[in-house]
Protein chains: 2
Amino acid sequence: MRISQLSAESGVPIPTIKYYLREGLLPQGDQTSATRAEYGRSHLRRLRLIRALLEVGRLPVAAIRQVIAAVEDEQIGFHDMLGTAHYALATPVEPHPDDEDWREARELVDRMISDLGWGVHPAAPTRDELAQTVVTLKRLGMPTSQEDLLPYATAAHDLVRELDITKIPFDGPRDVAVETLVICEVLYGKAFDVLRRLAQESESTRILDVTPCADDDPPRWTRP
Amino acid sequence: MRISQLSAESGVPIPTIKYYLREGLLPQGDQTSATRAEYGRSHLRRLRLIRALLEVGRLPVAAIRQVIAAVEDEQIGFHDMLGTAHYALATPVEPHPDDEDWREARELVDRMISDLGWGVHPAAPTRDELAQTVVTLKRLGMPTSQEDLLPYATAAHDLVRELDITKIPFDGPRDVAVETLVICEVLYGKAFDVLRRLAQESESTRILDVTPCADDDPPRWTRP
DNA sequence: ATCGCTGGATACTTTTACTATCCAATCATT
DNA sequence: AATGATTGGATAGTAAAAGTATCCAGCGAT
């Protein structure tokens, strides 16, 4: 498959494909001559993954590159590769250990993780990310305790254990495993997020006792 | 409070505050003379909300403006105001009704919402957002059925009904209600997202049977 | 009186994710 | 063999989003 065909099948413009090649998101094709390279199904697959992470997951290109680099670095062990992928999905947050609120939030997070018996690396950036959220909630006048967070943690754990993790082929090839992990995290994460908003609309409709709309009612809002 | 104090207390630079004023995110202060205006606690509060939505929720400024405009437009009824806020939080997605996969996904979404008995407006953009995610999952080789999605929907509904919605003061002033709604959606949404990733790391550690790390183990990865 | 801060307007910057253009090499087709 | 489209590689340009910086005249406190 040549680049024009790759572009046609994926719907991604050629200059964009070249950009991904430059950025190391997409591996080079099989160079058959100075001005020709052959791309295969794996490239198409990779391209679709990139677009999904960009458009649905809204991940920055740099994060995608990290995930891909981890997959392709054969030095890294399986577990660390998954870890790298994991942490690339986190929004970078720099800790403020000298801030009282921050330290308190971080302790809350650490205590909860240990109370739940979760096996999370002590230096995982995800801990800081959650701490940051807790601090922000407090600043907004909605202080959060472990008690408040626990139901969310339990629900998350249940979903992961019963659904997401069962989809990941831990015994298969590493690229397939990470890819599945990333897809599960990002896309099912997105799906859950939207479902939460749908449920929220439904509940606020119910509580306000608004008559549900008929199928042909006009929308009452417009995009700007 | 003058602008410099507002800046000092919020940690937001003065030019940025001026930018938010220009963009209509922050209401003008009480103009006491041609070159002086007075800002109050509500401005500080609003500023914190803006930063939370920007930094934690990663919402675009335009979406924040929409939410704020809905709050301040006294014409709009309570329920429609919440709706506007809701839909401003959605990632805009344009539907492709001529695409087979897309139509199928959209039907799946509509059927599920109706099977669940949820009261969601038939033209809610959130439906398209979920359909888009379903299409993407299919393109990535992980086709999703209603059966796959239902556990996530149920979990989302339970969390919203038992926790989020109880925090919203429906009988209080409208600005407080929307603000709480938005905070719940964005920040608890974020918290859940991080918790999901933590649970996922924990489970993959458990399944791969890796010995958990001691507190003083060095991190095995670094940010780029 | 004057010195620094303010509001308001305008212009500039940075980052991110692309697009566009150019060029010589080369492949397929005539 | 001529030719015309396509390719890889390099470089440069663009668009949008979210700030930042600068300038200016007016006020207010010292």
Side-chain angles (χ1 to χ4, degrees), chain A residues 1-40 43 46-68 88 91-92 94 223-224, chain B residues 1-40 43 46-68 88 91-92 94 223-224:
Chain A
M1 199 188 321
R2 277 158 301 176
I3 201 172
S4 56
Q5 212 178 336
L6 189 60
S7 165
E9 296 222 20
S10 62
V12 179
I14 294 181
T16 306
I17 295 180
K18 287 185 174 184
Y19 166 65
Y20 294 155
L21 286 166
R22 277 202 302 282
E23 292 292 314
L25 303 191
L26 199 59
Q28 302 289 339
D30 263 0
Q31 196 92 8
T32 61
S33 84
T35 64
R36 207 130 295 204
E38 187 69 16
Y39 302 92
H43 291 88
R46 168 68 61 84
L47 210 38
R48 281 203 262 259
L49 177 66
I50 293 170
R51 298 304 284 205
L53 297 185
L54 276 172
E55 289 167 7
V56 181
R58 298 167 49 100
L59 286 188
V61 165
I64 300 177
R65 183 172 37 225
Q66 273 182 79
V67 176
I68 284 168
T91 312
E94 82 271 31
R223 289 218 163 276
Chain B
M1 199 190 316
R2 277 158 300 178
I3 202 173
S4 56
Q5 212 178 334
L6 189 60
S7 165
E9 296 221 20
S10 63
V12 179
I14 293 182
T16 306
I17 296 181
K18 288 185 173 185
Y19 166 65
Y20 294 156
L21 285 166
R22 275 202 304 282
E23 292 291 314
L25 302 192
L26 199 58
Q28 301 291 336
D30 262 0
Q31 196 93 8
T32 62
S33 86
T35 63
R36 208 132 295 202
E38 186 68 17
Y39 303 91
H43 291 89
R46 170 67 61 84
L47 210 38
R48 281 203 262 258
L49 177 65
I50 293 169
R51 298 303 284 206
L53 297 186
L54 276 172
E55 289 167 6
V56 181
R58 296 166 48 101
L59 285 189
V61 165
I64 300 177
R65 184 171 38 226
Q66 274 182 78
V67 176
I68 284 167
T91 313
E94 81 273 31
R223 289 218 164 277

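Order of the sequence lines sets the chain letters (A, B, ...), proteins ahead of strands, with each chain counted from 1. Hydrogens, waters and symmetry mates are skipped; everything else that's a heavy atom, side chains included, is used.
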Quiz item: Is any side-chain N or O of A/S33 closer than 4.0 Å to OP1 or OP2 of D/dT7?
Solution: no
Quiz item: To the nearest angstrom, how far is B/E23 atom CD from C/dG7 atom C1'?
Solution: 17 Å
Exercise. Could you go through the side chain to side chain contact (heavy atoms under 4.5 Å, CB included) check for A/I17 and A/Y39 one step at a time?
Key: CA-CA 11 Å; A/I17 295 180; A/Y39 302 92; 5.8 Å; no
Self-check item: Gap between atoms CD1 and C1', on B/I64 and D/dA18 respectively (whole Å)
Solution: 11 Å
Practice problem: Please state whether the base of D/dT20 and the side chain of B/R22 form at least one donor-acceptor pair under 3.5 Å? | Solution: yes
Quiz item: So, is A/Y19 near the phosphate of D/dA12, with a side-chain N or O under 4.0 Å from OP1 or OP2?
Solution: no
Quiz item: Stepwise, does the side chain to side chain contact (heavy atoms under 4.5 Å, CB included) test hold for A/Y20 with A/E23?
Solution: CA-CA 5 Å; A/Y20 294 155; A/E23 292 292 314; 5.6 Å; no
Quiz item: Between B/I17 (CD1) and C/dG8 (P), how many Å, whole number?
Solution: 14 Å
Quiz item: Side-chain N or O of A/Y20 less than 4.0 angstrom from OP1 or OP2 on C/dC18?
Solution: yes
Quiz item: In terms of side-chain heavy atoms of B/A37, which of D/dT20, C/dT6, C/dG7 is nearest?
Solution: C/dG7
Exercise. Pick base, sugar-phosphate or nothing for A/Q28, based on heavy-atom distances below 4.0 Å to the nucleic acid.
Key: sugar-phosphate
Quiz item: Roughly how many Å is it from CD in B/E55 to P in D/dA17, rounded to a whole number?
Solution: 19 Å
Exercise. Could you tell me the separation between the CG atom of A/L6 and the C1' atom of D/dT6, rounded to a whole number of Å?
Key: 15 Å
Practice problem: Kindly say if B/S4 contacts the phosphate of C/dT6, meaning a side-chain N or O under 4.0 Å from OP1 or OP2. | Solution: yes
Exercise. Please state whether the base of C/dT16 and the side chain of A/R65 form at least one donor-acceptor pair under 3.5 Å?
Key: no
Quiz prompt | Among C/dT26, D/dA21, C/dG7, the nucleotide that comes nearest once only the side chain of B/Y39 is considered | solution = C/dG7
Quiz item: What nucleotide, of D/dG19, C/dT19, D/dG9, holds the atom closest to the side chain of A/K18?
Solution: D/dG9
Self-check item: Minimum-distance pair of heavy atoms, taken over all atoms of B/L25 and B/R46
Solution: O-NH1, 2.9 Å
Practice problem: Would you indicate what B/L21 reaches in the nucleic acid, counting non-hydrogen atoms under 4.0 angstrom: base, sugar-phosphate, or nothing? | Solution: nothing
Exercise. Find which nucleotide of DNA chain D each of B/A34 and B/L59 is nearest to by heavy atoms, and output the residue with the more 5' nucleotide.
Key: B/L59
Exercise. For B/I3 and C/dA9, give me the distance from atom CD1 to atom C1', rounded to whole Å.
Key: 14 Å
Practice problem: For A/R36 and D/dA5, give me the distance from atom CZ to atom C1', rounded to whole Å. | Solution: 9 Å
Self-check item: Crowding at CZ, A/R2 (>12 non-hydrogen neighbours, <6.0 Å)
Solution: no
Quiz item: If you round to the nearest 0.5 Å, how far is CG of A/L21 from CG of A/L47?
Solution: 9.0 Å
Exercise. Hey, could you give me the CD/OG1 distance between A/Q31 and A/T35, rounded to the nearest 0.5 Å?
Key: 8.5 Å
Quiz item: Do the side-chain N or O atoms of A/Q31 get closer than 4.0 angstrom to the phosphate oxygens (OP1, OP2) of C/dT26?
Solution: no
Quiz item: D/dT20 phosphate, OP1 or OP2: any side-chain N/O from B/T16 under 4.0 angstrom?
Solution: yes
Exercise. Grab the CZ-C1' distance between B/R2 and D/dG28 for me, whole Å please.
Key: 9 Å
Exercise. Identify which nucleotide among C/dT19, D/dG28, C/dC18 has an atom closest to any side-chain atom of A/L54, counting heavy atoms from C-beta outward.
Key: C/dC18
